[in-house]
Amino acid sequence: MTETADLAASLPMPRRPGVVRKLWGWVLDYAYVTYWWLRAFFGRSSSDQYLRPVTGPKAPVLIIPGVYESWRFMQPVAEHLYRGGHPVHVLDKLGYNTGAIPAMAEIVRDYLQREDLTDVIVVAHSKGGLIAKSALAEPETFHRVRRVIALNTPFAGSKYANLFLIRSVRMFTPTEPVIRALQANLVVNSIISSLYSVFDPHIPETSHLEGAENIVLPAIGHFRPIGVPDTLRTVDAIIARSTPDPQW
């Protein structure tokens with residue numbers, strides 16, 4: 001708990017935002033998601049370009065994006081970790097990540113086994129955190145992963161999912177069997193660091209996860225915190241603390 005407190009203390013003090021700050025943060029959040037979604041859609045970057053970092057090598061990192069996000073949506077994180085010496089693995093097979101959580105988790109399991117990756121750091125956004133937790137339910141996968149860093153993940157679901165008819169969003173309803181089963185599985189929470197915004201307009205329940213490391217970020221929004229310096233520094237600190245040898 002002391003390490004968590006130290007990490008939280010290194011961040012600017014999260015202040016509960018007022019109405020104006022929330023609205024402005026919402027505008028910036030959707031400007032961010034529009035820019036990166038378009039860049040990801042039209043991007044032609046290769047999925048294996050991050051596998052051979054110039055410096056390092058350090059712990060392997062697996063990136064898992066959220067719903068309607070390809071891996072390119074998380075390029076700010078991937079490029080940051082790559083420059084820091086980590087081989088970064090991404091999953092083309094997830095596509096835009098609209099499938100059922102158990103099916104997406106199976107893709108993660110298959111990839112880790114096929115590439116024989118161990119001591120993996122998973123960095124996931126939103127639905128990606130649920131996929132990571134689902135994958136960890138398999139003991140063979142659990143032993144391959146050292147730490148999951150989940151950014152703005154609806155571990156308890158989101159009541160706003162009830163407002164949508166499409167299955168790819170309604171799957172986040174708090175009463176959904178998959179969401180409830182994931183909540184009931186407390187065993188894997190000890191290797192999860194849940195990072196979440198002081199205000200996330202998509203997850204009013206917050207991303208607090210029982211038994212996990214929970215860190216409140218000073219940022220506002222669901223998407224934009226992915227690439228802000230405070231988040232990247234926190235991710236670096238968690239990885240450095242989680243890996244036994246800084247040079248791997």
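Every value quoted in this text rests on a predicted model; they were computed, and no experiment measured them. When a residue number appears, it is its place in the shown sequence, counting from 1.
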Distance from [X] atom [atom1] to [Y] atom [atom2], nearest 0.5 Å?
X	Y	atom1	atom2	result
Leu186	Leu209	CG	CG	8.0 Å
Met104	Leu91	CE	CG	10.0 Å
Leu232	Arg83	CG	CZ	8.5 Å
Leu117	His89	CG	NE2	4.5 Å
Lys127	Leu94	NZ	CG	8.5 Å
Ser194	Leu217	OG	CG	9.0 Å

**Asked** When you check the gap from the basic side-chain N to the acidic O, do Arg144 and Glu115 get nearer than 4.0 Å?
**Response** no
**Short N-O contact, Asp230 and Arg233, less than 4.0 angstrom** = yes
Over all heavy atoms of both residues, which pair between [X] and [Y] is shortest? Give the atoms and the distance, please.
X	Y	value
Asn152	Tyr196	OD1-CA, 3.1 Å
Leu165	Arg170	O-CD, 3.5 Å
Gly85	Pro53	O-CG, 3.4 Å
Ser134	Pro102	OG-CA, 4.2 Å
Ser168	Thr98	CB-O, 3.9 Å
Gly66	Glu69	N-OE1, 2.7 Å

Given the rule that I, L, V, M, F, W and Y join up when any side-chain heavy atoms are under 4.5 Å apart, are [X] and [Y] in one cluster?
X	Y	result
Ile203	Phe155	no
Val187	Val120	no
Tyr111	Val145	yes
Val123	Leu51	no
Ile101	Tyr68	yes

Note, [X] side chain near [Y] side chain (heavy atom, < 4.5 Å):
X	Y	result
Arg147	Ile238	yes
Met171	Ile179	no
Val33	Tyr30	yes
Glu213	Arg241	yes
Val148	Lys133	no
Ile131	Asn97	yes
Thr234	Leu195	yes
Ile220	Asp29	no

**Residues Glu106, Lys93; criterion salt bridge (Lys or Arg N to Asp or Glu O under 4.0 Å); working and verdict** = CA-CA 11 Å; Glu106 191 61 35; Lys93 197 172 181 181; over 6 Å; no
**Request:** Report, as yes or no, whether the 6.0 Å neighbourhood of atom CZ on Arg52 holds more than 12 heavy atoms from other residues, nucleotides or ligands.
**Result:**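 Incorrect, the count does not exceed 12.
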Say whether, by atom type as modelled, one donor and one acceptor occur between the side chain of [X] and the main chain of [Y] under 3.5 angstrom.
X	Y	result
Glu205	Lys159	yes
Ser207	Thr153	yes
Asn214	Ala212	yes
Thr141	Arg109	no

**Item:** side chain to side chain contact (heavy atoms under 4.5 Å, CB included) between Met74 and Val90, worked out
**Value:** CA-CA 10 Å; Met74 293 187 68; Val90 299; over 6 Å; no
**Complete:** Taken in chain and number order and not counting sequence neighbours, the residues that satisfy side chain to side chain donor-acceptor pair (under 3.5 Å) with Arg224 are none
**Item:** All side chain to side chain donor-acceptor pair (under 3.5 Å) counterparts of Gln75, not counting sequence neighbours
**Value:** Tyr50, Glu79
**Request:** Mind jotting down which residue pairs meet the ring pair (Phe, Tyr, Trp, His ring centres under 6.0 Å) criterion with at least one end in residues 123-154? Sequence neighbours excluded, please.
**Result:**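 Sorted pair list: His125-His222, His125-Phe223.
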**Asked** Can you list the steps and then say if Val122 with Ile64 is a side chain to side chain contact (heavy atoms under 4.5 Å, CB included)?
**Response** CA-CA 7 Å; Val122 175; Ile64 309 179; 3.7 Å; yes
**Asked** Could you go step by step and tell me if Val235 and Leu81 meet the side chain to side chain contact (heavy atoms under 4.5 Å, CB included) rule?
**Response** CA-CA 9 Å; Val235 169; Leu81 294 174; 4.2 Å; yes
